[in-house]
Trainee: 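This structure is in structure tokens; I'll ask about it shortly.
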Amino acid sequence: MPRGFSLITVTRKDLASSVYDCIGISRKDADRLVTEVLSEITEALVRGENVRLASFGNFEIRAKTQRIGRNPRTGVAAVIPPRRVLKFKASKVLLDRLNGDCVTGNGKK
């Protein structure tokens, strides 16, 4: 694992706890709020819509066509059916923060 990385994962519960701490609503309401936001993002993606979150990134749906693939162990050809895949592209603001650059919420240094 590269230096500076850890195996800590942020969970839905962690997000709800942060909302509770920042906004001061009840823990139950904070959990409902996080659940509703994530559900809305999920439903938009299921409908085939892209989701853009300013200063965070874009979730895009890509359509992949049917193709022939090979089992890497046996070399046997197999048909890979068409499917939709999810792509995430981080915003410049997020990438700058990940790389330690000082950036304000509006993307200006």
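The figures here come from the full heavy-atom set of this structure, side chains too, leaving out hydrogens, waters and symmetry mates.
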Trainee: Not counting sequence neighbours, list each pair that qualifies as a ring pair (Phe, Tyr, Trp, His ring centres under 6.0 Å) and has a residue in residues 27-54.
Mentor: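 Checked against ring pair (Phe, Tyr, Trp, His ring centres under 6.0 Å) - neighbours excluded - no pair reaches residues 27-54.
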Trainee: Rounded to the nearest 0.5 Å, what separates atom CG in D31 from atom CG in L15?
Mentor: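 CG of L15 is found 10.0 Å from CG of D31.
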Trainee: Linking I/L/V/M/F/W/Y whenever their side-chain heavy atoms sit closer than 4.5 Å, directly or via other members, would V46 and V37 fall into one cluster?
Mentor: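 No; tracing contacts between hydrophobic side chains, which count when under 4.5 Å, never links both residues.
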Trainee: Drop me the distance from I41's CD1 to E49's CD, to the nearest 0.5 angstrom.
Mentor: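 I41 CD1 to E49 CD: 12.0 Å, rounded to 0.5 Å.
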Trainee: Would you name the heavy atoms of A16 and A30 that are closest together and state the gap between them?
Mentor: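 Answer, listing the atom of A16 first, then A30: O-CB, 3.4 Å.
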Trainee: Answer with yes or no whether the hydrophobic clustering places L45 together with V85; edges join I, L, V, M, F, W, Y residues whose side-chain heavy atoms lie under 4.5 Å apart.
Mentor: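 Hydrophobic grouping puts L45 apart from V85.
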Trainee: Can you list every ring pair (Phe, Tyr, Trp, His ring centres under 6.0 Å) pair that touches residues 34-75, not counting sequence neighbours?
Mentor: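 Qualifying pairs: F56-F88, F59-F88.
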Trainee: Could you list who else is in V79's hydrophobic cluster, with ILVMFWY side chains joined at under 4.5 Å, directly or through other members?
Mentor: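 Other cluster members: I68.
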Trainee: List for me each residue that meets side chain to side chain contact (heavy atoms under 4.5 Å, CB included) alongside L38, sequence neighbours excluded, and say none if there are none.
Mentor: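 R12, V34.
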Trainee: Within a strict 4.5 Å, meaning less than it, do heavy atoms of the V93 and L95 side chains meet?
Mentor: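 Result no, sub-4.5 Å side-chain heavy-atom pair not found.
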Trainee: Keeping to residues at least two apart or across chains, list the side chain to side chain donor-acceptor pair (under 3.5 Å) pairs with something in residues 17-30.
Mentor: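 Qualifying pairs, neighbours excluded: S26-D29, D29-R32.
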Trainee: Restricting to non-hydrogen atoms, name the atom on T9 and the atom on D14 that form the minimum distance, rounded to 0.1 Å.
Mentor: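 Looks like O-OD2, 3.5 Å.
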Trainee: Which residue pairs pass the side chain to side chain donor-acceptor pair (under 3.5 Å) test with at least one member in residues 57-76, sequence neighbours excluded?
Mentor: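 Side chain to side chain donor-acceptor pair (under 3.5 Å) check on residues 57-76 returns R52-N58, E60-R62.
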Trainee: Write down the atom of R47, the atom of E40, and the distance for their closest heavy-atom approach.
Mentor: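 Shortest heavy-atom contact: NH2-OE2, 3.7 Å.
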Trainee: To the nearest 0.5 Å, tell me how far N99 CG sits from K92 NZ.
Mentor: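 Rounded to the nearest 0.5 Å, the CG-NZ separation comes out at 9.5 Å.
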Trainee: Grouping I, L, V, M, F, W and Y whenever their side-chain heavy atoms are under 4.5 Å apart, do V10 and V19 come out in a common cluster?
Mentor: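 In one cluster: yes.
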